[in-house]
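Heads up, the thing below is written out as structure tokens.
For ligands, and for the atoms within them, numbers begin at 1 and follow the listed sequence.
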Amino acid sequence: MDINGKVAVITGGGSGIGRATAVRLATEGARVVVADVDQNGAGETVACIEQAGGTAAAIRTDVARPADITAMLEFAEHHFGGLDILHNNAGITTGDPGYPNAGLEQWQRVLDVNLRAVLLGTQLALPLLRRRGGGCIIHTSSMAGLVGWPPDPIYAATKAAVILFTHSMAPFAAENVRINCICPGGVNTPMLQRARQSAREKPPEDLPLLEPAEVADGVVQLVADDSLAGRALLIGPGLRDFAPLPGQ
Ligand code: NAD
């Protein structure tokens, strides 16, 4: 897909990977809707894009609320005339206390943000993409979804589910809707800084980290390459490879 002139919506666009992707897609000529539960963060991303001469708009969105996802997509249609690219990127960890000490409400929110919002965002975006004759959806999964993450089993479970959801949606390429996901290793973002503060979630000190812009580059690869559908792109320092499809 030629990104220039397209409309992109990015959840969790107010920080980290989402911000870097929003900035990168705008640089490539997309008009960008920055959706985030943190309105200030979303506003800062829009300011970065506008300062660089790009076009963007912010909307406060809690992806755990179905009505907010609907409003976010309507905003893209009303503001920029449609939708071509959806980046389901917002994500959270379980935090303290971890599973199994966390109560149901605490870990249910991780399911709602990291998984249900991805399933629902995709479901609600499909009619908009069809109206444009096709488009792209990219989910942010994680390496944790492939190899597990003992400090946060709920997080790992949501990210694994996103990968198999992605593989299972490959046939939508027949109607020109390509759905892929990105699986980063450790990325230098506020999420990782918070994990470093937690004795329980702390990643190893010597874990090599990616910068958010490197993940954004992987997202752009998934959007730009029309041959990719249902794929999970693994990205880490010195690593960029596709997970094998089930059965391969
Ligand atoms: P981050 O905390 O810097 O950014 C996440 C953004 O999502 C924040 O702006 C936050 O306000 C927003 N957000 C959280 N809950 C939301 C909700 N309910 N509705 C809307 N927005 C919400 O973290 P990040 O590292 O940039 O993470 C982005 C994605 O990348 C997540 O899905 C995360 O799981 C994934 N990921 C991160 C790493 C890493 O090491 N940082 C590695 C692999 C995958």
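- Between atom 6 (C) of ligand 1 and the options Gly12, Ser142, Ala117, Ser141, the minimum heavy-atom separation is to Gly12.
- Taking a cut-off of under 4.0 Å to the non-hydrogen atoms of Leu192, the atoms of ligand 1 that pass are 40 (O).
- Counting atoms of ligand 1 from 1 in the listed order, those under 4.0 Å from a heavy atom of Pro190 are 3 (O).
- The protein atom (non-hydrogen) at minimum distance from atom 25 (O) of ligand 1 is Thr189 OG1, 2.6 Å.
- Within the listing of ligand 1, atoms 11 (O) sit less than 4.0 angstrom from a heavy atom of Asp38.
- For ligand 1, the atoms closer than 4.0 angstrom to any heavy atom of Gly186 are 40 (O).
- A donor-acceptor contact closer than 3.5 angstrom links the side chains of Thr140 and His87.
- For atom 1 (P) of ligand 1, the nearest non-hydrogen atom of the protein is Ser15 OG, 3.6 Å.
- The pair Arg24-Glu28 counts as a salt bridge, with a side-chain nitrogen and a carboxylate oxygen less than 4.0 angstrom apart.
- The single protein non-hydrogen atom nearest to atom 27 (O) of ligand 1 is Met191 CE, 4.0 Å, given as residue, atom name and distance.
- Listed for the Glu214 side chain is a donor-acceptor partner under 3.5 Å among the backbone atoms of Glu211.
- Contacts of Lys159 with ligand 1, taken as heavy-atom pairs under 4.0 Å, involve the side chain alone.
- Closest protein heavy atom to atom 15 (N) of ligand 1: Ile92 CG2, 3.6 Å.
- Of all non-hydrogen atoms in Leu124 and Leu128, the two that sit nearest each other are O-CD1, 3.3 Å.
- Interface of Gly16 with ligand 1, defined as ligand atoms under 4.0 Å from a residue heavy atom, comprises 3 (O), 26 (O).
- Between Ile163 and Cys183 the shortest side-chain heavy-atom distance falls below 4.5 Å.
- For Pro184, no nitrogen or oxygen atom sits less than 3.5 Å from a nitrogen or oxygen atom of ligand 1, counting backbone and side chain alike.
- In this model, a donor atom of one side chain and an acceptor atom of the other lie less than 3.5 Å apart for Thr94 and Asp152.
- Ser141 and Val162 make their closest contact through CB-CG1, 4.0 Å (heavy atoms, listed as atom of the first residue, atom of the second, distance).
- Listed by atom number, the atoms of ligand 1 under 4.0 Å from Gly91 heavy atoms are 31 (C), 32 (O).
- Heavy atoms of Arg109 come nearer than 4.0 angstrom to ligand 1 in at least one pair.
- Taking both residues in full, the closest heavy atoms of Val113 and Gly91 are given as CG1-CA, 4.0 Å, listed atom of the first, atom of the second, then distance.
- Residue contacts with ligand 1 do not include Pro203, since none of its heavy atoms lies under 4.0 Å from the ligand.
- Ranking the protein heavy atoms by distance from atom 20 (C) of ligand 1 puts Thr61 O, 3.0 Å first.
- Looking at atom 22 (C) of ligand 1, its nearest protein heavy atom turns out to be Val37 CG1, 3.6 Å.
- For ligand 1, the atoms lying closer than 4.0 Å to a non-hydrogen atom of Val113 are 18 (N).
- A salt bridge links Asp217 and Arg240; the closest N-O separation between the charged side-chain nitrogens and carboxylate oxygens is under 4.0 Å.
- With hydrogens left out, the protein atom closest to atom 11 (O) of ligand 1 is Asp36 OD1, 2.6 Å, a heavy atom.
- Using a cutoff of 4.0 Å between basic side-chain nitrogens and carboxylate oxygens, Arg231 and Asp225 are not scored as salt-bridged.
- The Gly14 neighbourhood of ligand 1 comprises atoms 9 (O), with distances under 4.0 Å to a heavy atom of that residue.
- Residue pairs meeting the ring pair (Phe, Tyr, Trp, His ring centres under 6.0 Å) criterion with at least one partner in residues 6-26, sequence neighbours excluded, are absent.
- Between the side chains of Gln108 and Asp112, at least one donor-acceptor pair of N or O atoms lies under 3.5 Å.
- Contact between Asp62 and ligand 1 is present, with at least one heavy atom of the residue lying under 4.0 Å from the ligand.
- Checking only distances, Met143 never comes within under 3.5 Å of ligand 1, N or O to N or O.
- Distances from ligand 1 to the non-hydrogen atoms of Arg194 include at least one value under 4.0 Å.
- Heavy-atom neighbours of Phe75 CZ from other residues, nucleotides or ligands within 6.0 Å: above the threshold of 12.
- Checked by atom type and distance alone, the side chain of Asp68 never pairs as donor or acceptor with a backbone atom of Thr61 at under 3.5 Å.
- Ranking the protein heavy atoms by distance from atom 42 (C) of ligand 1 puts Gly185 O, 3.1 Å first.
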